[in-house]
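Since the structure comes first, as structure tokens, the remarks are kept for the end.
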Amino acid sequence: MASCRWPWRRCCSWRPAARSPRPGSPGRAGPPGPPSAADAGAQMSYFNLVKSLTSAFPNRYSMSRFHHTTSAACCCSKTRSGEKYTDPFKLGWRDLNGLYEDIRKELLISTAELKEMSEYYFDGKGKAFRPIIVVLMARACNIHHNNSRDVQASQRSIALIAEMIHTASLVHDDVIDDASSRRGKHTVNKIWGEKKAVLAGDLILSAASIALARIGNTAVISILTQVIEDLVRGEFLQLGSKENENERFAHYLEKTFKKTASLIANSCKALIDDVLDFTSCSDQMGKPTSADLKLGLATGPVLFACQQFPEMNAMIMRRFRLPGDVDRARQYVLQSDGVQQTTYLAQRYCHEAVREISKLRPSPERDALIQLSEIVLTRDK
């Protein structure tokens with residue numbers, strides 16, 4: 001069996017892939033693991049989010065206070081607080097009543113068309129995954145520090161700002177990708193055109209920046225400003241590719257961190273999105289599947305499949321532009337164990353996230369965060 005070229009750091013070992021031979025050729029060893037540098041990125045995103053939440057308090061707290069003596073959870077589905085478990089979304093929504101109404105109040109726009117465009121995605125039909133993570137983490141941190149479950153107004157503001165930054169990035173992404181549907185309906189650029197869509201995204205981002213400035217905490221402003229920079233850098237990374245296979249995977253993981261994990265402190269989310277692009281139908285996803293291939297993007301399943309089908313290298317470098325490339329690449333992925341390996345990679349990050357979250361004192365909110373890690377791994381849309 002071929003040895004892994006990208007070793008995990010510490011005790012994280014990569015599970016060898018099952019052999020999946022190319023038609024007419026001997027079996028090949030499965031793909032190696034990812035570069036260890038991404039582990040540090042995933043942990044950094046967690047601590048950055050914690051720091052942004054706790055810095056909203058009048059008093060500063062040392063990061064060492066987060067290292068609670070409870071044992072780390074080893075299974076996403078287990079809760080540790082001993083209290084009756086509540087659905088994480090219901091638990092989070094207690095502090096998010098009126099979320100979208102409050103966001104629309106931030107969008108003080110006099111022009112009717114621009115107002116309609118800017119509010120288009122704030123219709124209450126999204127999962128609000130990022131705001132829920134923020135308020136659950138806020139409660140969990142508050143309990144850890146002073147046994148208070150109250151969410152500060154500034155902490156709730158961070159939840160709104162996170163959703164606004166995310167939505168602005170969606171509007172801009174749809175322009176770049178020339179996407180026609182999102183969340184089961186037409187995109188902003190499809191209805192109003194690309195130029196107006198760019199302006200709508202800019203306006204949402206500017207409103208988020210004003211709300212961020214009102215918090216008045218320079219540490220919080222600095223951290224969330226870094227998120228915006230990461231989104232831009234991540235988009236640039238997505239536009240490029242690498243010829244070297246090792247560099248290509250590191251490139252993919254860095255892009256994933258900057259585009260998604262930097263904002264939600266959970267890189268599993270992006271990895272599972274890449275899996276669903278091959279395993280879900282368009283109706284489930286609310287957008288066309290195989291969309292990444294059509295955009296010329298080599299995601300985790302493709303990169304792992306390339307280890308078993310080297311002929312995919314040429315397709316990756318030409319960004320699947322030739323007729324038939326997308327269909328052939330999709331078939332290679334489905335014939336390989338690329339989907340399974342990407343899912344396993346997401347599971348590794350999930351377990352690392354659970355290990356870090358478990359350092360907080362036991363609480364229903366901490367347990368809900370652990371459960372959310374499992375939800376993103378098992379969702380089908």
Side-chain angles (χ1 to χ4, degrees), residues 1-2 4-6 8 12-23 25 27-35 38 42 76-77 238 241 245-246 248-257 259-261 266-313 315-316 319-320 324-353 373-381:
M1 183 176 290
C4 294
R5 282 172 258 170
W6 296 321
W8 283 86
C12 297
S13 59
W14 186 254
R15 181 180 61 183
R19 292 173 182 261
S20 179
R22 177 163 48 97
S25 69
R28 297 176 180 271
C76 293
S77 62
Q238 182 166 288
S241 187
E245 291 180 10
N246 290 11
R248 189 184 293 155
F249 212 108
H251 184 91
Y252 165 67
L253 289 175
E254 184 182 1
K255 181 270 296 181
T256 296
F257 169 74
K259 286 204 65 179
T260 305
N266 189 341
S267 55
C268 291
K269 173 63 168 56
L271 292 166
I272 291 299
D273 274 346
D274 294 342
V275 168
L276 293 179
D277 198 44
F278 290 93
T279 61
S280 289
C281 66
S282 299
D283 290 340
Q284 285 177 302
M285 291 288 285
K287 58 184 178 181
T289 51
S290 295
D292 291 329
L293 286 175
K294 293 171 184 174
L295 292 171
L297 305 179
T299 56
V302 173
L303 297 178
F304 281 124
C306 187
Q307 296 290 316
Q308 295 170 270
F309 302 106
E311 52 266 50
M312 293 182 70
N313 277 303
M315 288 189 279
I316 290 173
R319 299 180 70 86
F320 312 103
D325 274 0
V326 169
D327 290 337
R328 285 172 54 212
R330 180 176 175 81
Q331 288 304 312
Y332 280 134
V333 168
L334 295 178
Q335 291 173 35
S336 74
D337 59 2
V339 168
Q340 293 87 345
Q341 287 290 340
T342 305
T343 300
Y344 180 68
L345 175 58
Q347 289 171 344
R348 294 300 306 177
Y349 282 112
C350 170
H351 283 279
E352 180 69 11
S373 298
E374 184 176 89
I375 289 172
V376 298
L377 288 174
T378 58
R379 69 191 179 93
D380 59 3
K381 62 180 179 179

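Because the structure is predicted, anything quoted here is derived from the model rather than measured.
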CA sep, side-chain torsions, deciding dist, call: Q341, L303, side chain to side chain contact (heavy atoms under 4.5 Å, CB included): CA-CA 10 Å; Q341 287 290 340; L303 297 178; over 6 Å; no
Heavy-atom pair of closest approach, residues [X] and [Y]:
| X | Y | result |
| --- | --- | --- |
| S336 | F309 | CB-CE1, 3.6 Å |
| F278 | R330 | O-NH2, 3.2 Å |
| A298 | V302 | CB-CG1, 4.0 Å |
| C350 | E374 | SG-N, 4.5 Å |
| T342 | P301 | OG1-N, 3.0 Å |
| D277 | A291 | OD1-N, 3.2 Å |

Working to the nearest 0.5 angstrom, can you tell me the gap between [X] [atom1] and [Y] [atom2]?
| X | Y | atom1 | atom2 | value |
| --- | --- | --- | --- | --- |
| Q347 | E352 | CD | CD | 14.5 Å |
| E311 | Y332 | CD | OH | 4.0 Å |
| L345 | Q340 | CG | CD | 13.5 Å |

Taking the side chain as every heavy atom from C-beta outward, state whether L377 and T343 have any pair of such atoms under 4.5 Å apart. no
Do the charged groups of D325 and R328 touch, with an N to O distance under 4.0 Å? yes
